[in-house]
Amino acid sequence: MSSGYSSLEEDAEDFFFTARTSFFRRAPQGKPRSGQQDVEKEKETHSYLSKEEIKEKVHKYNLAVTDKLKMTLNSNGIYTGFIKVQMELCKPPQTSPNSGKFSPSSNGCMNTLHISSTNTVGEVIEALLKKFLVTESPAKFALYKRCHREDQVYACKLSDREHPLYLRLVAGPRTDTLSFVLREHEIGEWEAFSLPELQNFLRILDKEEDEQLQNLKRRYTAYRQKLEEALREVWKPD
């Protein structure tokens, strides 16, 4: 098993990313999105964990690990470990020319990342896009946590400033309890798109609307012709 500081072969199912600070670009500081009450609660809990509490949680986590992907606690209180992120994209993203990195088979695959407790959701998204040479803005994508509770599955979009490894630590190593998913932003979040892209969307909508109107006119024209033929048959003199 790789230590996480080098990537596996390109055709492997799992990919590893370094947790070194130089690999990630720090996301700009800003206010977290609203509507993430459970996320805010976890952030608050994270802030109040002492080194001893973290040490105890890391120890319990490693005891429960079954795939050798354990966490390592450093003397400064920062810990490193692994998270798995599933790609669930509606369409293949734009990539660098001739990159060959992202293919339809890449979608749906599980990617294993080696990160630290200081790495944020925004940095994890950037790392995934960088691995597949995706040229689209990270703002178009979101990381979700998928939780299983009482036979129900809940998906919650995480704030860019959340720390996925902390969520993994608290939930434990079982992915059937907590898993991470990369998706495009939900429909309606237009702020992630540029003005030319939005204008292109309008052109596409106009074209689709015109096609639908033409189809509707053809249907009713055919219906009218059949109705007129039936009326002529009824009123046809004997």
Side-chain angles (χ1 to χ4, degrees), residues 2-8 14-34 36 38-40 42-47 49 54 58 61 69-74 76-89 93-96 99 101-102 106-107 109-146 155-171 173 175 178-186 189 191-192:
S2 168
S3 64
Y5 288 98
S6 60
S7 63
L8 297 180
D14 290 343
F15 300 95
F16 293 79
F17 300 91
T18 175
R20 296 170 182 164
T21 305
S22 59
F23 181 84
F24 294 100
R25 178 166 57 85
R26 178 66 61 183
Q29 299 297 317
K31 294 183 180 179
R33 294 187 179 93
S34 60
Q36 303 291 335
D38 55 340
V39 170
E40 293 300 321
E42 286 164 350
K43 288 176 63 179
E44 182 179 356
T45 304
H46 190 193
S47 301
L49 282 180
I54 293 175
V58 169
Y61 181 95
L69 300 181
K70 295 185 178 182
M71 293 193 183
T72 302
L73 178 62
N74 300 319
N76 58 2
I78 296 176
Y79 49 95
T80 60
F82 299 85
I83 63 170
K84 295 182 178 181
V85 181
Q86 185 171 5
M87 310 283 281
E88 290 187 359
L89 306 180
Q94 297 177 6
T95 57
S96 299
S99 65
K101 286 284 186 176
F102 197 96
S106 302
N107 197 22
C109 70
M110 189 72 71
N111 298 276
T112 302
L113 289 80
H114 185 262
I115 62 175
S116 80
S117 56
T118 62
N119 292 136
T120 64
V121 165
E123 291 170 336
V124 167
I125 294 174
E126 288 185 18
L128 282 169
L129 300 184
K130 182 176 180 179
K131 170 63 185 180
F132 292 105
L133 300 182
V134 175
T135 58
E136 294 183 74
S137 170
K140 293 184 180 180
F141 301 89
L143 189 68
Y144 288 76
K145 67 173 183 179
R146 182 182 289 159
C156 174
K157 185 171 66 175
L158 299 175
S159 163
D160 286 343
R161 296 178 64 193
E162 272 300 281
H163 298 87
L165 193 61
Y166 169 73
L167 301 178
R168 181 78 279 163
L169 175 66
V170 172
T175 55
L178 172 72
S179 58
F180 296 102
V181 179
L182 182 71
R183 297 174 179 170
E184 296 99 337
H185 273 304
E186 296 177 357
E189 299 186 17
E191 69 275 6

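Everything numeric in this text was worked out from a predicted model, so none of it was measured.
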Q: Taking all heavy atoms of Ser116 and all of Ile78, pick out the closest pair and write down the distance.
A: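 What the structure gives for the nearest pair is CB-CG2, 4.3 Å.
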Q: Can you see which heavy atom on Pro164 is nearest to which on Leu143, and at what distance?
A: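 Between these two residues, the closest heavy atoms are CG-CD2, 4.2 Å.
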Within the structure provided, determine whether [X] and [Y] are in side-chain contact (heavy-atom separation under 4.5 Å).
{"X": "Asp160", "Y": "Thr120", "value": "no"}
{"X": "His114", "Y": "Thr80", "value": "yes"}
{"X": "Lys84", "Y": "Leu69", "value": "yes"}
{"X": "Leu128", "Y": "Leu113", "value": "yes"}
{"X": "Asn111", "Y": "Phe132", "value": "yes"}

Measure the spacing between [atom1] of [X] and [atom2] of [Y] and express it to the nearest 0.5 Å.
{"X": "Tyr166", "Y": "Ile54", "atom1": "OH", "atom2": "CD1", "result": "8.5 Å"}
{"X": "Ser179", "Y": "Arg146", "atom1": "OG", "atom2": "CZ", "result": "5.0 Å"}
{"X": "Gln86", "Y": "Cys109", "atom1": "CD", "atom2": "SG", "result": "8.5 Å"}
{"X": "Ile83", "Y": "Phe180", "atom1": "CD1", "atom2": "CZ", "result": "5.5 Å"}
{"X": "Leu89", "Y": "Glu184", "atom1": "CG", "atom2": "CD", "result": "4.5 Å"}
{"X": "Tyr61", "Y": "Met71", "atom1": "OH", "atom2": "CE", "result": "4.0 Å"}

Under 3.5 Å: donor-acceptor pair, side chain of [X], backbone of [Y]:
{"X": "Arg168", "Y": "Leu178", "result": "yes"}
{"X": "Ser117", "Y": "Leu165", "result": "no"}
{"X": "Asn74", "Y": "Asn76", "result": "no"}

